[in-house]
Every structure is written in C-alpha cells, then in structure tokens.
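The structure appears below as structure tokens.
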Amino acid sequence: MATVYLGLGSNTENRQYHIMQAVARLAERAGSISALSSLYVTAPWGFVSDHPFLNAAVALQTALSPHELLLLTQQIEKELGRTRKSDGEYHDRSIDIDILLYDSLVVNSPDLVIPHPLMHRRAFVLEPLSEIAPELQHPVLHVTVRKLREELENAAPAN
C-alpha cells in the first residue's frame, strides 16, 4: 500500500458538500483515508473570482498506481460536476483533486507530475497538508512540509 497525499478544493455552491463527497468516494474506491485536514477558506490563486475556495488535504492508503489514481480522481471530479480541467487558465470549479505526493515517488509524464509541481508555492496546499503531515519530506526539494510552509510565509510580502 502506498501513502498518497491529495489536495482538494472547491469554490462553487456547496463547497463543503463537494469536498466531503470527494473524500467519501476516494475512501470507497481508492483505499482508506488515514487523515483529513480541517477545511480552509482561501482566495482564488492564479485567477480572479468572487468565489473563495474551501481547501483540504487528505492522506490516503491505496493499492492503486499513480496513473490509476489520476484516472479515478478525474472520474470523481466529473461525477461532482467538474466540466473541465485547466486549459492554461484557472476557472471556478465544483471540485479539484490534485495528487500532491505519492510515497517518495517522482513521476514526470505528460499527464502526471508527482510531486505536484506547484505545491511548494501554494499556501492553500501547504496549510492543510502541514496540519496532517508536517514532517513529511518533499522527495525533490528534500525539506519537510512544515519547512516549505514556513519558507512560503516568510517570502510573502507584508501587508
């Protein structure tokens, strides 16, 4: 069994419902949920929207391969009303499920990159992930999730 960390986000109506449904469907079809973070309200990242996001992180124990898990997460997104993935631009979405880390595996294929290539730059990923796995080490950057979060906080401009 592999330990996988997923990031979840929703910024359309019924945000909490979409996240909890995604978690339930992952538990039903992919394996067992070993940790679920709190829900975090965050501003949209990479695009302008009047709709704030609800974000969470999940630790999942799974026998699925990375690509099998990717196909399953895409299927769950469609079932929960996601109509399109990013096409170079970000959009409002009912649910987004990103594979952040898969054990210490590094995958770099046209359809899947693990670790998630932008996770270390996204507070909405690092905040919930650091809640459930602060000492987890990034397999490429070789620092903990806690350290990545601290570095991102320290790099943020003062308001």
Side-chain angles (χ1 to χ4, degrees), residues 1-11 15 18-20 22-27 29-47 52-77 82 85-91 93 95-159:
M1 292 290 253
T3 301
V4 180
Y5 294 89
L6 304 168
L8 301 129
S10 175
N11 81 323
R15 298 174 304 175
H18 286 117
I19 288 177
M20 299 316 292
V23 170
R25 291 173 194 211
L26 287 163
R29 299 185 215 166
S32 64
I33 304 294
S34 56
L36 171 62
S37 74
S38 302
L39 299 176
Y40 292 81
V41 177
T42 62
W45 188 93
F47 73 108
F53 273 84
L54 210 55
N55 291 99
V58 170
L60 172 72
Q61 306 301 313
T62 189
L64 296 177
S65 72
H67 281 89
E68 289 170 332
L69 183 59
L70 174 65
L71 292 174
L72 176 61
T73 60
Q74 291 172 338
Q75 178 62 40
I76 291 170
E77 288 174 340
R82 178 100 187 240
K85 279 300 244 186
S86 296
D87 53 7
E89 292 184 29
Y90 296 108
H91 308 278
R93 47 203 168 272
I95 191 69
D96 186 30
I97 307 170
D98 287 331
I99 302 171
L100 304 174
L101 297 161
Y102 187 105
D103 281 338
S104 58
L105 200 62
V106 176
V107 176
N108 195 354
S109 66
D111 61 337
L112 180 62
V113 178
I114 303 173
H116 190 285
L118 297 174
M119 67 177 277
H120 63 287
R121 291 203 247 152
R122 295 175 165 177
F124 67 87
V125 169
L126 295 176
E127 186 77 21
L129 187 57
S130 68
E131 179 187 330
I132 63 171
E135 300 308 314
L136 180 65
Q137 184 146 346
H138 191 289
V140 174
L141 302 175
H142 305 291
V143 295
T144 65
V145 170
R146 179 192 323 264
K147 182 74 173 159
L148 289 172
R149 182 175 154 238
E150 289 169 359
E151 289 174 357
L152 187 61
E153 286 174 357
N154 292 336
N159 289 334

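When a residue number appears, it is its place in the shown sequence, counting from 1.
Closest approach of Leu72 and Leu64 over heavy atoms only: CD2-CD1, 3.8 Å.
More than 12 heavy atoms of other residues, nucleotides or ligands shown are found within 6.0 angstrom of CZ on Arg29.
Listed for the Thr62 side chain is a donor-acceptor partner under 3.5 Å among the backbone atoms of Ala30. For Arg15 (side chain) and Val41 (main-chain N/O), no donor-acceptor pair under 3.5 Å exists by modelled atom type. Judged purely by atom type and a 3.5 angstrom limit, Glu127 has no side-chain atom pairing as donor or acceptor with the backbone of Tyr40. Although no hydrogens or angles enter the test, the distance criterion places a donor-acceptor pair under 3.5 Å between the side chain of Glu77 and the main chain of Ile97. Listed for the Asn108 side chain is no donor-acceptor partner under 3.5 Å among the backbone atoms of Val113. At least one donor-acceptor pair closer than 3.5 Å links the side chain of His142 to the backbone N or O of Val140.
The shortest distance between side-chain heavy atoms of Ile19 and Ile95 falls below 4.5 Å.
A salt bridge links Glu153 with Arg149: the closest approach of a Lys/Arg side-chain nitrogen to an acidic carboxylate oxygen falls below 4.0 angstrom.
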Handout entry: side chain to side chain contact (heavy atoms under 4.5 Å, CB included) between Arg122 and Asp98, intermediate numbers included
Key = CA-CA 12 Å; Arg122 295 175 165 177; Asp98 287 331; 4.2 Å; yes
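Atom CZ in Arg25 sits 13.5 Å away from atom OG1 in Thr73 (nearest 0.5 Å). If you take CG on Leu101 and OG1 on Thr3, they are separated by 11.0 Å, rounding to the nearest 0.5 Å.
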